[in-house]
Amino acid sequence: MEGIVESPMIDDDGECFPPIILNATSINVEVYYNKAVNYTLMVTFVSFLQVLLLIRQMEHSNTQSGAAKVSLLMIGQQAILDAYLCLLHLTAGILVESLFNAFATAAFFKFVVFSIFEMRYLLAIWKAQRPVNTGEGWETMRRELSVLYSRFYGVLLGGIIIMYELHTFLRFILFLLYSFWIPQIITNVVRDTRKPLHPHYIVGMTITRLAIPLYAFGCPKNFMRVEIDIHWCICLAIFLAFQALILLLQHYLGARWFIPRQILPEKYSYFRRVGRESNHVVDCVICMAAVDTAERSSECMVTPCDHFFHAGCLQRWMDIKMECPTCRRPLPPV
């Protein structure tokens, strides 16, 4: 429906106000509600898949050494993103009472993802990266836990204020939120970690995280009536896929595969030569079997603190703890 509203003439002073042009379109309420319900079903299904992927990843890194390899910022950024989506869907359900049940269901599943699984995983990573502090007593642990949670919810609240004040830059802010793989990429390079994330988790999270923004900004018939921007959707998908590709290549080729060897720091060699008397035999404290240190082979590994172990024993040990089994000193990556 189109129209124009004009004011009557008042003597010689001209019009009381300039003409107002009206342009209105009708909305089929039933179709609109059906689209909204289908959207909430999609969000619920995506959240369920993310729970399964998180469980798979938590099983992949269920040891102290495995959890310590995962970036705290990476999981925290995804938890904040899910918290925002939970609040967004809950607010939408409150504003549209007839769709409250549908949006509340989607908000509940997002709440489960971030408050139960991601926060639990965040705590496991935090404990694995601070093994000394967790043994200093309950008071110290509780104090550091309060700092961790206060930082998380402080960033969550601060992000809401920033997005409200800078709502005109919402798409740029979404780009920053969807850079959650970058902290893990940097952590892999700095620590030279081996396979911290399961490939299924990387690929699955990348695909499921794209579902909501691609629907909102890429679907021409979505119920949100948001201005469509196909180029932005393509850029976001390429940006997130590029991050996932780097992580997968780090998984299969090594954490520092794209860095020239000339600028890499020298890595410690667990098969280095050590001045020992000929035919000197020591016991591997892991399996309690003899280790012949006279032979230089791939069957004997020596730590920086000059303790000898069978190669297979020490590698299995380092999958659980990155510390020497004899003196408990930290061990460098293999």
Side-chain angles (χ1 to χ4, degrees), residues 39-62 67 70-94 100-129 144-164 170 173-184 187 196-198 200-216 236 240 243-244 247:
Y39 164 78
T40 57
L41 290 175
M42 182 267 290
V43 174
T44 302
F45 178 70
V46 166
S47 301
F48 178 72
L49 291 179
Q50 290 174 351
V51 168
L52 296 180
L53 292 169
L54 277 167
I55 293 174
R56 184 70 174 270
Q57 172 59 27
M58 293 170 73
E59 292 176 350
H60 176 72
S61 57
N62 60 352
V70 182
S71 171
L72 198 69
L73 289 176
M74 183 266 295
I75 298 297
Q77 194 168 340
Q78 292 189 61
I80 288 175
L81 181 61
D82 286 323
Y84 286 148
L85 291 173
C86 174
L87 292 175
L88 181 65
H89 290 92
L90 186 60
T91 304
I94 294 173
F100 176 78
N101 291 337
F103 279 103
T105 303
F108 172 75
F109 272 88
K110 278 298 174 185
F111 178 79
V112 169
V113 172
F114 96 86
S115 68
I116 298 179
F117 290 94
E118 287 174 334
M119 291 301 294
R120 176 186 173 187
Y121 195 31
L122 201 69
L123 180 60
I125 297 169
W126 173 82
K127 290 176 64 178
Q129 293 179 355
E144 294 202 0
L145 271 176
S146 63
V147 172
L148 177 68
Y149 281 101
S150 62
R151 287 179 180 177
F152 175 81
Y153 289 106
V155 172
L156 183 66
L157 180 60
I160 294 175
I161 297 174
I162 291 174
M163 284 190 287
Y164 176 78
L170 179 61
I173 296 174
L174 285 176
F175 250 89
L176 294 180
L177 288 174
Y178 275 81
S179 62
F180 50 81
W181 291 133
I182 293 179
Q184 185 63 56
T187 300
L197 303 180
H198 197 284
H200 294 172
Y201 175 76
I202 299 173
V203 175
M205 276 296 180
T206 300
I207 296 174
T208 55
R209 293 287 179 197
L210 284 171
I212 295 177
L214 291 186
Y215 174 84
L236 180 65
L240 199 56
Q243 298 176 57
L247 278 176

What pairs meet the salt bridge (Lys or Arg N to Asp or Glu O under 4.0 Å) rule with one or both residues in [range], with sequence neighbours excluded?
range          : value
residues 43-60 : none
residues 83-93 : none
residues 77-93 : D82-K110, D82-R209

Taking every non-hydrogen atom, the tightest pair across [X] and [Y]:
X    : Y    : answer
S47  : V113 : O-CG2, 3.7 Å
A67  : A124 : CB-O, 4.2 Å
V70  : Q129 : O-NE2, 3.0 Å
W181 : I202 : CZ2-O, 3.7 Å
S71  : P183 : OG-CB, 3.5 Å
L236 : Y178 : CD1-CB, 3.8 Å

For the atom pair [atom1] ([X]) and [atom2] ([Y]), what is the distance rounded to the nearest 0.5 Å?
X    : Y    : atom1 : atom2 : answer
L157 : F152 : CG    : CZ    : 12.0 Å
M58  : R120 : CE    : CZ    : 4.0 Å
F48  : T208 : CZ    : OG1   : 13.0 Å
L72  : W126 : CG    : CH2   : 10.0 Å
L54  : I116 : CG    : CD1   : 11.5 Å
N101 : F108 : CG    : CZ    : 13.5 Å

*Hey, are the side chains of M119 and Y149 touching, using non-hydrogen atoms and a 4.5 Å cut-off?*
yes
*Considering only heavy atoms from C-beta outward, does the side chain of L240 approach that of F180 to under 4.5 Å?*
yes
Of all residues at least two apart in sequence or in a different chain, which pass the ring-ring contact (aromatic ring centres under 6.0 Å, His included) check with [X]?
X    : value
F114 : F111
H198 : H60, H200
Y121 : none
Y215 : Y39

Using the side-chain contact (heavy atoms from CB on, under 4.5 Å) criterion, which residues pair with [X]? Sequence neighbours excluded.
X    : result
L41  : V37, N38
I94  : L90, F100
S179 : Q77, I182, F239, Q243
L156 : I80, A83, Y84, Y153

*side chain to side chain contact (heavy atoms under 4.5 Å, CB included) with I212: which of L81, L85, V46?*
L85
*For T91, all residues meeting side chain to side chain donor-acceptor pair (under 3.5 Å), sequence neighbours excluded*: none
*asked:* Set out, in order, the CA-CA distance, both residues' side-chain angles and the distance that settles side-chain contact (heavy atoms from CB on, under 4.5 Å) for L247 and T206, then state yes or no.
replied: CA-CA 11 Å; L247 278 176; T206 300; over 6 Å; no
